[in-house]
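Encoded as C-alpha cells, the structure appears first; notes follow it.
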Amino acid sequence: MGKTKQPKPIDLARKPRGFPDKRENLIHAEQDMIEKITGVYRRWGFEGLETGAFEYADALGKFLPDDDRPNAGVFALQDDDEQWMSLRYDLTAPLARFAAENWQTLPKPFRRYAAGPVWRNEKPGPGRFREFLQCDADTVGAAGAHADAEMIAMAAEAMRAAGAANGEFTIRVNTRRLLNAVLETVGASEDSTRLTILRALDKLDKFGVSGVADLLGAGRMDESGDFTKGAGLDAAGVKQVLAFAEAGRSTRSETLEALGQAVGTGEEAAAGLAELDAIARGLEALGAPESDVTIDPSVVRGLEYYTGPVFEAELLKETVDEDGNTVRIGSVGGGGRYDDLVARFTGEKIPATGFSVGVSRLAAAFSISGVIGELNGPVVVLNMDREDPSEALKLATELRSTGIRAEAYMGSSGMRPQMKYADRRGAPAVIMVGSDELEKGVVTIKDLKEGARQAAAIASNEEYREARPGQFEAPRADMIARIQAILEADQ
RNA sequence: GCAGCCUUAGCUCAGUUGGUUAGAGCGCCGGUUUGUGGAGCCGGAGGUCCUUGGUUCGAACCCAAGAGGCUGUACCA
C-alpha cells in the first residue's frame with residue numbers, strides 16, 4: 001500500500017527500560033510489603049509524611065560543580081519560571097527540606113516514615129530500576145548513638161516483616177569515622193584517592209579480597225578485559241586497609257575488639273570505636289540478635305551526606321531466576337547518620353539518622369526466586385447463551401452481593417475458551433447454567449483447583465473430558481454456600 | 001561512559017558454498033453437533049530476516065556504518 005514508511009504499530013509499543021510494568025501479583029506483593037514495613041515503623045512511634053514527586057533541584061543538591069544543569073543521575077525539567085525541578089531520587093532529601101521548612105512547629109526529635117516511588121537516571125538491570133519504591137523511617141533532631149541503634153534494630157524488624165526469614169538477611173553496620181581513620185593511617189590525603197579506596201572497600205563482598213587488593217593497588221581487569229585503575233597504594237598500605245576491612249568477626253563484641261587492633265590509636269579511630277560500641281550496647285538493650293546485625297568494616301554506602309554510622313541491609317539468600325542463573329541482588333536497604341543535611345537549609349546543624357528499605361528490589365528478589373504466590377482470580381460465571389447472557393449477569397450479581405469477587409464472562413467465545421479464560425485468571429471456580437440447569441433449577445459448579453488436582457491422575461484427554469474433575473451440581477439456592485466453601489478451602 | 005558478546009515469528013532456534021512464494025518446536029487464537037481448563041483431533045493468525053548504504057544478475061547469508069539488546073565494569077547522591 002504505502003510507499004511512505006510508517007512505523008508498524010508494534011514498534012511504538014515500547015517500554016523505556018527501568019520503568020517496570022507491574023501486574024496484579026507484583027502490585028499486591030509490593031503493597032503488602034509496604035503495609036507490613038510501615039506497620040513496624042508506626043509501632044516504633046513514627047508518623048507518616050508524604051511529599052511530592054518533584055523537588056527544586058537545588059533542594060536536592062545535585063549540581064555538577066561548574067554547570068547550572070542538574071546532574072545526569074536525576075530526571076530534571078525546567079518549570080515555566082525556568083527553575084530546575086528534579087524527580088526525587090530518595091525520600092531523605094525531601095524530608096530534610098520539609099523538616100527545615102517546618103522546624104519551628106515540629107515535635108522534636110521529629111520521627112517520620114514515608115513510602116513511595118523515587119527515580120534515578122542510572123543504568124537498569126535485574127533488581128535495578130529507574131523508578132522504584134522505597135520505604136523510609138528517619139529521626140531528625142537526635143544526636144545520640146541510641147537513635148542509630150534504634151534505626152538498626154527496627155531495620156531488622158522491618159526486613160522480617162517484609163518477608164525475609166531468619167538467616168536470609170543481615171544488617172551490616174560501620175561508621176564513616178573508622179573509614180576516615182584508616183584513610184589517615186595509609187596517608188591518603190587526596191580526595192580522589194580517598195574515594196577510590198572507599199569504593200574499593202565497598203566491593204569486598206563482590207570481588208573478594210584479591211579483587212579489592214587489585215583496586216587498592218595498581219588496578220583491576222574485569223572479565224570483559226576492561227581495566228579499572230586502582231588507588232595506587234603501596235603493598236604496606238593495601239595490607240593495612242585489608243586488615244581493617246577483614247576485621248569482621250561473628251559477634252559484635254569480637255569485631256569491636258579486632259577493629260581496635262586494626263585501626264590504630266588516633267583521635268578519629270577512638271571516636272569511631274566509641275560510636276560503634278555505643279551502638280552495640282543500644283542493640284543489646286533493644287534485643288537485636290547477633291544473627292540480624294553484624295559490625296562490618298567494609299560497609300561504605302553512599303559517599304555524600306553520611307557523617308557517622310552507616311548501615312546496609314543485604315539479602316543473603318541466593319536468588320535464582322527461572323533459567324537457573326544466580327542473580328546478584330545485593331543491598332536491599334540502607335541508611336545512616338546525616339548530621340549536616342538539614343543544615344543546608346537552616347544553617348543550624350540538626351543531627352538526623354534514618355533507614356530505607358528498597359521495596360521494589362526486595363520484591364524483585366522474591367519474584368525472581370518465585371516465592372511470590374499467585375493470587376486467586378474472581379469466580380467466573382460462564383456465558384452459556386450467546387443470544388441472551390442475562391442468566392450469567394444475574395448469577396454474577398448475586399455472588400457479588402454477598403461480597404464474593406465474581407464476574408460474568410464478557411467475551412464472545414465458546415465453552416473451551418471460556419474455561420481457558422477462567423484458568424488463566426486463576427479463578428477458584430466457574431459456574432455454568434445452561435438450559436439443562438435452568439430446567440432443573442440447579443447450577444453446575446466446577447472447583448478449578450480441585451479439578452486440577454484430580455486431573456493429575458488422568459492420562460488420556462478423552463477420559464479427562466468425560467470425568468469432569470472437580471465438578472458438581474447444586475441446587476440454585478445453595479450456590480452461594482457452595483462457592484463460599486470452595487473459597488474457604490482455598491485459603 | 002568503557003569493554004565483550006548478540007540481533008530471523010510472541011519465545012527458543014534452524015536456514016545448506018549467496019539462488020524461486022523463509023522454516024520448526026513451543027506459545028497464541030478459534031472450532032471439535034446443548035456444554036468443559038491440562039497433553040486428543042482439525043483449522044488459523046503471525047516475519048520489509050534490526051536499520052541504512054554498498055558488493056552482486058541475485059543478499060537473511062558478504063562488506064561498512066548506525067541503532068537496539070545482554071553481560072561485565074564505571075557511576076549510583
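Proteins get letters first, then strands, A, B, ... in listed order; numbering begins at 1 in each.
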Margin query: By nearest heavy atom, map A:S435 and A:G414 onto RNA chain B; which one lands nearer the 5' end?
Written below: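 Taking each residue's closest nucleotide, the earlier one in sequence belongs to A:G414.
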Check: Which residue lies toward the 5' end of RNA chain B, A:R424 or A:E462, if each is placed at its nearest nucleotide?
Finding: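 Of the two residues, A:R424 wins.
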Under 4.0 Å: is that the gap between some side-chain N or O of [X] and OP1 or OP2 of [N]?
X: A:R416; N: B:G37; value: yes
X: A:R465; N: B:C41; value: no
X: A:S413; N: B:G30; value: yes

[N] to [M] separation - [atom1] atoms, rounded to the nearest Å:
N: B:C63; M: B:U55; atom1: C1'; value: 7 Å
N: B:A9; M: B:G15; atom1: P; value: 15 Å
N: B:C42; M: B:G47; atom1: P; value: 25 Å
N: B:U16; M: B:G53; atom1: C1'; value: 28 Å
N: B:C61; M: B:U51; atom1: P; value: 10 Å
N: B:A14; M: B:U7; atom1: C1'; value: 16 Å
N: B:U17; M: B:C62; atom1: P; value: 12 Å
N: B:C49; M: B:U8; atom1: C1'; value: 4 Å

What integer distance in Å separates [X]:[atom1] from [N]:[atom2]?
X: A:K446; N: B:G37; atom1: NZ; atom2: P; result: 7 Å
X: A:N461; N: B:U36; atom1: CG; atom2: C1'; result: 11 Å
X: A:F75; N: B:C76; atom1: CZ; atom2: P; result: 17 Å
X: A:N383; N: B:U34; atom1: CG; atom2: C1'; result: 14 Å
X: A:D447; N: B:U36; atom1: CG; atom2: P; result: 19 Å
X: A:M432; N: B:G35; atom1: CE; atom2: C1'; result: 8 Å
X: A:M415; N: B:U36; atom1: CE; atom2: C1'; result: 4 Å
X: A:D423; N: B:G37; atom1: CG; atom2: C1'; result: 4 Å

Does any non-hydrogen side-chain atom of [Y] lie less than 4.5 Å from one of [X]?
X: A:I37; Y: A:Y113; answer: no
X: A:M432; Y: A:Q471; answer: yes
X: A:M154; Y: A:F355; answer: no
X: A:I279; Y: A:P309; answer: yes

Using a 4.0 Å heavy-atom cut-off across all strands, classify [X] as base, sugar-phosphate, or nothing.
X: A:A422; result: nothing
X: A:I458; result: base
X: A:E437; result: base
X: A:A93; result: nothing
X: A:D436; result: base
X: A:A452; result: base
X: A:R386; result: sugar-phosphate

Next item on the list: Kindly state whether the ring of A:F19 and the ring of A:F75 have centres lying under 6.0 angstrom apart.
Entry: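 That pair passes the under 6.0 Å test.
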Does the pair [X]/[Y] count as a salt bridge with the N-to-O cut at 4.0 Å?
X: A:R172; Y: A:E312; answer: yes
X: A:E473; Y: A:R468; answer: no
X: A:E398; Y: A:R476; answer: yes
X: A:E101; Y: A:R97; answer: yes

Next item on the list: Identify the residue among A:T139, A:N102, A:L95 that makes a side chain to side chain contact (heavy atoms under 4.5 Å, CB included) with A:F110.
Entry: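 Among the candidates, only A:L95 passes.
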Next item on the list: Scan nucleotides 68-75 of chain B nucleotide by nucleotide, 5' to 3', and note B when protein non-hydrogen atoms come under 4.0 Å of the base, S if they reach only the sugar-phosphate, - if neither.
Entry: -SSBBBSS
Margin query: If I compare all heavy atoms of A:V140 with all of A:A352, which pair ends up nearest, and what's the gap?
Written below: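 Heavy atoms only, the tightest pair is CA-CB, 4.0 Å.
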Margin query: Given A:T353, which partner from the list A:D148, A:D339, A:T307 fulfils the side chain to side chain donor-acceptor pair (under 3.5 Å) test?
Written below: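 Single pass found, and it is A:D148.
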Next item on the list: Only stems of 3 or more consecutive Watson-Crick or G-U pairs count here, both distances under 3.5 Å; name the ones for RNA chain B, or none.
Entry: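 As far as RNA chain B goes, consecutive pairing (with distances under 3.5 Å) yields the stems B:1-7 with B:67-73, B:10-13 with B:23-26, B:28-32 with B:40-44, B:50-54 with B:62-66.
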Checklist line | From B:G30, B:G37, B:U36, nucleotide with atom closest to A:T444 side chain | finding: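 Looking only at side-chain atoms, A:T444 lies closest to B:U36.
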Notebook entry, point to check: Do A:Y89 and the base of B:A77 stack face to face, with centres under 5.5 Å apart and an angle between planes under 30°?
Noted result: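 It does: the ring sits over the base of B:A77.
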